[in-house]
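These values consider heavy atoms only, across backbone and side chains, with no hydrogens, waters or symmetry-generated copies. Order of listing sets the numbers, starting from 1, for every ligand and every atom in it. Values in this document were obtained by computation on a predicted structure and should not be read as measured data.
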Amino acid sequence: MKKKKPEQHPETLAIHAGREPDPASGALSPAIHPSSTFLTREDGGGYVYGRYGNPNRNAVETALAELEGGLGAACFASGVAAAMAVFQSLTPGDRVLVSADAYHGIRTQLRQRLIPWGLDVVFVDTSDPAAISRAITPGTRLVWVETPSNPLLKISDLAALAELARGAGATTVCDNTFSTSLLQRPFEQGFDLVMYSSTKYLGGHSDLIGGAVIVRDDSGWLERLHQAQKLAGAVPAPFDCWLLLRSLATLPMRVRAQNANAAALAEWLQNHPAVERVYYPGLPEHPGHETARRQMRGFGGMLSITLKDGPDFARALPHRTRLFRPATSLGGLESLIEHRASIEGPDSTTPAHLVRLSAGGEHIEDLIADLQRALEA
Ligand SMILES: *Cc1c(COP(=O)(O)O)cnc(C)c1O
């Protein structure tokens, strides 16, 4: 068991966790260790082989665990690899409940790989506690929740779900990619695991693909996930770990700026005549607003809008903006805009007149001017 450090604020942990000056050189910025293998020690300790562990991966796993307030973390080569590691740690036949509007790539992974492998997957509207009560059985092994969800920004009540799951003896996992530990702390609501696509806000610069799972306590899950790294091998490269650790230092500042921009955009878009509806949990009209206020410390940098002029206009809009780049993904410093149904493909359930926005770190007046011009063009 790890010794608990005195509590520090997230801004401090983001800069210092997992970072010790290099004892050999005194360098403050850590060295990158591309080595695939390490000297075998007589005492059997230390690093052995790059797939099992590496100083850069170890450092970023330490930082993520401390930021989240968990026991430990396991990093993967992508967010979907992190999800795969969780699901493959179960046994065929196990019942799993998953948010019906979880990230489409994870739903596809379940449909095309894990249901055929034998998982008994049930997609449920986790924003509706009654639906969860009906779906959860004593044999349920895992409850996978994404809140706010993607792209409708639905809010699920984490504390209520944790309690229902505990009653059934199920492990709870929150895909916290949209919020990060700065805005939402699932462990404090009773969740067991927190999963990230670190490609998004944690990386924050649109220059790496990665995933992570953080484990709250001594439940056996950390060993299982380390085994998944070792046996399935979807591990991140040392340079990607280095980039991610570097990015974590600015996470609190970035998230604060993106959060403020998204809130201002939501309010402005709500009053624009071309916009049918704004999906943003910070708006009092949002059906999950009260729950979001209770369990979040900010409503995030993501929002979606539907457009009165319909699907064709929604498909065209991303090519009319200049600052908002027409690209999928989210959480980078540059604002992004996308027609979500096109990205999700033929089995998408996203409304065809919906556009998803990821607020970046630009000045809000420039972002609004950009959208104004595009919406009126
Ligand atoms: C992007 C994303 C994922 C998948 O992560 P990758 O890094 O693209 O594999 C999972 N969940 C959410 C909420 C995401 O936005």
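Applying the 4.0 Å criterion to heavy atoms of Glu146 picks out, from ligand 1, the atoms 13 (C). Every atom of ligand 1 is numbered from 1 in the order shown, and the set under 4.0 Å from a heavy atom of Gly210 is 7 (O). Interface of Ser197 with ligand 1, defined as ligand atoms under 4.0 Å from a residue heavy atom, comprises 1 (C), 2 (C), 3 (C), 4 (C), 5 (O), 6 (P), 7 (O). Those atoms of ligand 1 with a heavy atom of Leu330 less than 4.0 angstrom away are 15 (O). Near Gly79, with a cut-off below 4.0 Å to any heavy atom, the atoms of ligand 1 are 5 (O), 6 (P), 7 (O), 9 (O).
Regarding atom 4 (C) of ligand 1, its nearest protein heavy-atom neighbour is Tyr103 CE2, 3.4 Å. Lys200 NZ, 2.5 Å is the protein heavy atom nearest to atom 2 (C) of ligand 1.
For the pair Val355/Ile337, a side-chain contact is recorded, criterion being any heavy-atom separation below 4.5 Å from C-beta on. Annotation: side chain of Phe191 is in contact with side chain of Val145 (closest heavy-atom distance under 4.5 Å).
No side-chain donor from either of Thr12 and Gln8 sits under 3.5 Å from a side-chain acceptor of the other. Side-chain atoms of Thr147 and Ser156 form no donor-acceptor pair, as typed in the model, at a separation below 3.5 Å.
Figure legend: cation-pi geometry between Arg111 and Phe123, with NZ or CZ positioned under 6.0 Å from the six-membered ring centre and within 45° of its axis.
With respect to Glu11 and Arg256, a salt bridge is recorded, a charged nitrogen being found less than 4.0 Å from a carboxylate O.
The option from Asn150, Leu202, Thr199, Val80 that lies nearest to atom 7 (O) of ligand 1, judged by heavy atoms, is Thr199.
Under 4.0 angstrom from ligand 1, the non-hydrogen atoms of Asp175 all belong to its side chain.
Ring to ring, Trp144 and Phe87 are close: their centroids are under 6.0 angstrom apart.
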